[in-house]
Each structure stands twice: as structure tokens, then as C-alpha cells.
Amino acid sequence: QVQLVESGGGLVQPGGSLRLSCAASGFAFSNYAMTWYRQAPGKARELVAFISGDGSADYRDPVKGRFTIYRDNSKNTVYLQMINLKPEDTAVYYCMADGGRGTSLIWGQGTQVTVSS
């Protein structure tokens, strides 16, 4: 069964750091682009970071300079390293796998990140 499982969320103080993991199984991970999304209560889901199968990464403005997306294809895992966290980063973070046309998007269940004093 195809599956993405996020982990690593938790409660951190502003300025803290956290690393999220998304473990993939049941599909050809290295052929899929991976994306991190987040959704805060009462707000629309937004794209956070993207990484292609060969490791080319891009980020949306709110997290540029603070978040890093990277992948380890040998472990079928994509990561989101977050530093200098802000309260506005509080959200459920989801990973998504995209194999291109002819494939189905694969979503994880999400992991909660809370940034608060």
C-alpha cells in the first residue's frame, strides 16, 4: 500500500528548531517530486517547500532562509529542517508525493507543529 508518514512535529518556543520527516513506502520514491504543505486552523492550505527527484529545491516566501527541504532516496524519506520558528509557522504539516502525469498524488496524515511561548 502506498503511504507517507510524517513525524517530528511538536511544541517549540519562538526561535526554536525542528526537523520533520516524511517516510515513504509502496512506490518508486526517487521518481517522485516531494512537497511540504501546511495548514493552520481557519486558514487555507499553503505550499511550503518543494524538491524534485534529483534534489532541486524551492520555497515559498514566508519560509525562505529559515526552512530547508532535502531528501534521502536511500531511506525513501524527505525532510523539512526548520529553524528560527515563528508563531505563524504553527500548523499541521503534510508531505505530498507527485509522480507526474499518469500517477496519483499521495498525501501523508500530517504532523502538528506548534510554536508558542
Exercise. Would you find a donor on one side and an acceptor on the other, under 3.5 Å apart, between the side chain of S74 and the backbone of D72?
Worked result: no

Problem - Flag, side chain of R19 to backbone of Q81, donor-acceptor distance under 3.5 Å - result: no

Looking at V115, is its backbone amide N or carbonyl O close enough to the side chain of T90 to form a donor-acceptor pair, meaning the two atoms are under 3.5 Å apart?
yes

dist W36:CH2 -> M96:CE (nearest 0.5 Å) comes out at 12.0 Å

When I83, L80, L20, L18 are each screened for side chain to side chain contact (heavy atoms under 4.5 Å, CB included) with F67, the one that passes is L80

Considering only NZ, NE, NH1 and NH2 on the basic side and carboxylate oxygens on the acidic side, decide whether K86 and D89 come within less than 4.0 Å.
no

For Y59 and A49 the tightest heavy-atom approach is CD2-CB, 3.6 Å

Worksheet item: With no hydrogens and no angle check, is any side-chain donor or acceptor of E6 less than 3.5 Å from a backbone partner on C95?
Response: yes

Are E46 and R38 within salt-bridge range, i.e. N to O under 4.0 Å?
yes

Heavy atoms of S52 and R71 approach each other most closely as O-NH1, 2.9 Å

task: Answer yes if Y94 and V5 sit in the same cluster of Ile, Leu, Val, Met, Phe, Trp and Tyr residues linked by side chain heavy atoms under 4.5 Å apart, and no otherwise.
output: no

In terms of heavy-atom contacts, S17 and N84 come closest through OG-N, 4.4 Å

Taking the inter-plane angle between the rings of Y37 and W107 on a 0 to 90° scale, is it parallel (under 30°), tilted (30 to 60°) or perpendicular (over 60°)? tilted

